[in-house]
Asker: 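Before anything else, here's the structure in question.
In what follows, every heavy atom counts, from backbone to side chain, and hydrogens, waters and symmetry copies are set aside.
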Amino acid sequence: MPRALATLTHREEVARGHYLLQLDCGEIARTAEPGQFVHLRVSGGTDPLLRRPFSVMLTRPGADEVQLLVRTVGRGTEIIAGHEAGTRYDLLGPLGNGWALPAAGAGDANVMLVAGGVGVAPLLFLADTLRMASPMPYVRALFGGATQEALVCWTEFASRCEEFTAVTEDGSAGEEGIVTDVLVPEIERDRPDLVCACGPDAMLAAVASICRDAEIDCQVSMEQWMGCGVGACLGCVVPARGGGYVRVCTEGPVFDTDEIDWERMPPR
Ligand SMILES: Cc1cc2nc3c(=O)[nH]c(=O)nc-3n(C[C@H](O)[C@H](O)[C@H](O)COP(=O)(O)OP(=O)(O)OC[C@H]3O[C@@H](n4cnc5c(N)ncnc54)[C@H](O)[C@@H]3O)c2cc1C
Ligand code: FES
């Protein structure tokens with residue numbers, strides 16, 4: 001199992017309750033692929049007992065660094081928010097299966113990225129990787145949040161895409177509404193070959209349904225609650241189309257939307 005001791009080199013509050021962490025973590029930075037995650041032990045003791053998963057948002061392989069975006073929602077993330085540069089973390093990673101990128105040579109691929117809130121993290125890494133591909137696909141992004149403040153790291157995201165549309169529920173930035181309101185006219189205007197999405201389950205279910213109706217390939221990165229992170233505890237399972245369950249930590253976190261039975265997804 002890949003494991004590393006990482007050092008926090010920089011921590012910055014980039015929006016209220018949202019922290020950008022830069023970690024020096026050697027091999028993990030050199031091997032992480034877009035859509036993979038790290039499983040981080042928050043403290044040296046037992047509070048909290050379980051590791052917490054975070055998507056890799058960017059890597060700087062030359063500097064052996066990864067960036068994570070952490071939104072504070074509970075005990076573990078509150079503890080992380082208080083950490084200073086120099087803090088050491090026990091990390092597992094990179095874990096899981098990332099995005100299936102357009103085939104090499106598919107330079108005219110048209111890719112639509114749909115992010116909700118901190119769902120931007122694995123999509124920013126994807127946009128960064130697609131921008132480096134040769135030939136380069138055409139990449140568009142929709143980024144939704146409740147307010148302008150929820151569009152964390154939007155400039156970094158927008159700068160890696162050919163077209164970028166912000167969508168806020170209160171209209172404080174970009175278009176007013178939710179991302180799925182904008183996705184439908186966008187795919188009618190310029191049909192993508194592939195849609196990649198990360199955000200709340202309800203958003204992913206809606207994106208999956210829109211893409212299924214339009215017969216467009218769609219991948220989603222799922223952020224379920226996790227225990228072990230390596231396939232042993234079944235704490236992260238989601239219903240699979242055709243019956244049974246799939247583990248988000250090992251079969252995912254990125255899935256083709258046809259693999260998931262959205263109707264059996266438990267409400268959160
Ligand atoms: C593959 C993966 C990638 C992720 N990437 C990111 C990321 O890049 N940035 C980020 O901020 N978060 C990310 N998350 C979510 C993050 O792991 C959780 O928010 C975190 O573990 C919560 O820890 P906590 O101790 O602060 O909260 P807890 O005290 O454990 O829980 C507080 C509240 O948050 C809820 N919660 C816990 N885990 C999740 C979850 N996975 N999804 C939704 N609600 C949850 C709990 O039900 C509870 O209501 C990711 C999750 C997964 C599985
Ligand atoms: S978190 Fe334990 S099996 Fe996925």
Asker: For L49, what residues pass the side-chain contact (heavy atoms from CB on, under 4.5 Å) criterion, not counting sequence neighbours?
Answerer: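 side-chain contact (heavy atoms from CB on, under 4.5 Å) check on L49 returns T46.
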Asker: For the side chain of E65 and the backbone of Q22, is there at least one donor-acceptor N/O pair under 3.5 Å apart?
Answerer: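 Side chain of E65 to backbone of Q22: no pair is present.
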Asker: When you check the gap from the basic side-chain N to the acidic O, do E163 and R189 get nearer than 4.0 Å?
Answerer: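 The answer is yes: the pair qualifies as a salt bridge.
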Asker: Mind checking whether E176 and V167 have side chains closer than 4.5 Å, heavy atoms only?
Answerer: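 Result no, sub-4.5 Å side-chain heavy-atom pair not found.
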Asker: Rounded to the nearest 0.5 Å, what separates atom CZ in R88 from atom CG in L23?
Answerer: 11.0 Å
Asker: Between the side chain of Q219 and the main-chain N/O of A100, is any donor-acceptor distance below 3.5 Å?
Answerer: yes
Asker: Using the side chain to side chain donor-acceptor pair (under 3.5 Å) rule, collect all pairs that involve residues 141-150, keeping only residues at least two apart or in two chains.
Answerer: R16-E149
Asker: Please check if the side chain of R191 supplies one atom and the backbone of A214 the other of a donor-acceptor pair under 3.5 Å.
Answerer: yes
Asker: With rounding to the nearest 0.5 Å, note down the distance linking CZ in R11 to CG in L68.
Answerer: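 The CZ atom of R11 sits 14.0 Å away from the CG atom of L68.
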Asker: Compile the donor-acceptor pairs under 3.5 Å between side chains in residues 111-128 and protein atoms, sequence neighbours left out, one pair per line.
Answerer:
{"residue": "D128", "atom": "OD1", "partner": "R131", "partner atom": "NH2", "Å": "3.1"}
{"residue": "D128", "atom": "OD1", "partner": "R160", "partner atom": "NE", "Å": "2.7"}

Asker: For the side chain of W262 and the backbone of L204, is there at least one donor-acceptor N/O pair under 3.5 Å apart?
Answerer: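 No, W262 side chain to L204 backbone: no donor-acceptor pair under 3.5 Å.
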Asker: A side-chain contact here means heavy atoms from C-beta on lying under 4.5 Å apart; do P34 and V254 qualify?
Answerer: no
Asker: Okay, side chain of E259, backbone of D256: is any donor-acceptor separation there less than 3.5 Å?
Answerer: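 Yes.
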Asker: Applying a strict under-4.5 Å side-chain criterion to I, L, V, M, F, W and Y, I'd like to know whether W99 and I28 cluster together.
Answerer: no
Asker: If you round to the nearest 0.5 Å, how far is CD of E84 from CG of L8?
Answerer: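 The CG atom of L8 sits 8.5 Å away from the CD atom of E84.
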Asker: Any heavy-atom pair between the side chains of L95 and V230 that's under 4.5 Å?
Answerer: yes
Asker: So which atom in C161 and which in A141 form the shortest heavy-atom distance, rounded to 0.1 Å?
Answerer: SG-CB, 3.7 Å
Asker: Give me the atom names and distance for the closest heavy-atom approach of C25 to A6.
Answerer: CB-CB, 3.7 Å
Asker: In this structure, would L40 and L92 fall into the same cluster of hydrophobic residues linked by side-chain contacts under 4.5 Å?
Answerer: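 Different hydrophobic clusters.
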Asker: Specify whether H83 and Y89 have parallel, tilted or perpendicular ring planes, treating 30° as the upper limit for parallel and 60° as the lower limit for perpendicular.
Answerer: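 H83 and Y89: tilted rings.
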Asker: Counting only N and O atoms by type, is there a donor-acceptor contact under 3.5 Å from the side chain of T168 to the main-chain atoms of A173?
Answerer: yes
Asker: Less than 4.0 angstrom from a charged side-chain N to a carboxylate O is my criterion; do E162 and R140 meet it?
Answerer: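 Answer for the salt bridge query: no.
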Asker: Walk me through whether R30 and E27 qualify under salt bridge (charged side-chain N to carboxylate O under 4.0 Å, His left out).
Answerer: CA-CA 5 Å; R30 291 192 290 274; E27 184 71 15; 3.1 Å; yes
Asker: Of all heavy-atom pairs between P266 and P239, which one has the smallest distance, and what is that distance?
Answerer: CD-CD, 4.2 Å
Asker: What is the minimum heavy-atom distance between I79 and P48, and which atoms define it?
Answerer: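 Closest heavy-atom pair between I79 and P48: CD1-CD, 3.9 Å.
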Asker: When clusters are formed by joining ILVMFWY residues with side-chain heavy atoms under 4.5 Å apart, either directly or through shared neighbours, do V237 and M222 land in the same one?
Answerer: no
Asker: Under a single-linkage definition using a 4.5 Å side-chain heavy-atom cutoff for Ile, Leu, Val, Met, Phe, Trp and Tyr, are V42 and V38 assigned to the same hydrophobic cluster?
Answerer: yes
Asker: Within the structure provided, determine whether V246 and F255 are in side-chain contact (heavy-atom separation under 4.5 Å).
Answerer: yes
Asker: Does the side chain of H39 come within less than 4.5 Å of L91's, by heavy atoms?
Answerer: no
Asker: Is the shortest heavy-atom distance from the side chain of Q67 to the side chain of L21 under 4.5 Å?
Answerer: no
Asker: Working to the nearest 0.5 angstrom, can you tell me the gap between L234 CG and R247 CZ?
Answerer: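 Spacing of CG (L234) from CZ (R247) equals 7.0 Å.
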Asker: Answer yes or no: is there a donor N or O on one side and an acceptor on the other, between the side chain of E13 and the main chain of G17, under 3.5 Å?
Answerer: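 Side chain of E13 to backbone of G17, a donor-acceptor pair under 3.5 Å: yes, one is there.
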Asker: Would you please test L58 and V66 for side chain to side chain contact (heavy atoms under 4.5 Å, CB included) and show each step?
Answerer: CA-CA 6 Å; L58 277 179; V66 298; over 6 Å; no
Asker: Is there side-chain contact between L194 and C218, with heavy atoms separated by less than 4.5 Å?
Answerer: no
Asker: Are the side chain of R52 and the backbone of R41 linked by a donor-acceptor contact shorter than 3.5 Å?
Answerer: no
Asker: So, using side-chain contact (heavy atoms from CB on, under 4.5 Å) as the criterion, who are the partners of P200 when residues are at least two apart?
Answerer: M203
Asker: Can you pull out every side chain to side chain donor-acceptor pair (under 3.5 Å) where at least one residue sits in residues 193-218? Sequence neighbours excluded, please.
Answerer: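 Qualifying pairs: D201-R268.
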Asker: Test of understanding: with side-chain contact (heavy atoms from CB on, under 4.5 Å), list the residues that count as partners of A81, not counting sequence neighbours.
Answerer: Y19, T72
Asker: Are F37 and F54 an aromatic pair by the rule of ring centers under 6.0 Å?
Answerer: no
Asker: Report the C-alpha distance between C153 and M57 in whole Å, list the side-chain angles of each, state the deciding distance to 0.1 Å, and finish with yes or no for side chain to side chain contact (heavy atoms under 4.5 Å, CB included).
Answerer: CA-CA 10 Å; C153 298; M57 185 163 81; 3.9 Å; yes
Asker: Locate the shortest heavy-atom distance separating V195 from P192; write the atom from each residue and the value.
Answerer: CG2-CG, 3.9 Å
Asker: How about CZ on R241, more than 12 heavy atoms from neighbouring residues, nucleotides or ligands closer than 6.0 Å, or not?
Answerer: yes
Asker: Can you get from I80 to M226 by hopping between Ile, Leu, Val, Met, Phe, Trp and Tyr side chains that sit under 4.5 Å apart?
Answerer: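 Different hydrophobic clusters.
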Asker: From T7 OG1 over to D64 CG, what is the distance, rounded to the nearest 0.5 angstrom?
Answerer: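 The OG1 atom of T7 sits 11.0 Å away from the CG atom of D64.
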Asker: Quick check: does any side chain N or O of Q36 sit under 3.5 Å from a backbone N or O of E33, one acting as donor and the other as acceptor?
Answerer: yes
Asker: Kindly give the heavy-atom pair with the smallest separation between G144 and V179, and that separation in Å.
Answerer: N-CG1, 3.3 Å
Asker: What distance do N110 atom CG and I216 atom CD1 have between them, rounded to the nearest 0.5 Å?
Answerer: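 The CG atom of N110 sits 9.0 Å away from the CD1 atom of I216.
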Asker: Would you say L130 and L101 make side-chain contact, with heavy atoms under 4.5 Å?
Answerer: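 Counting from C-beta outward, L130 and L101 do come under 4.5 Å.
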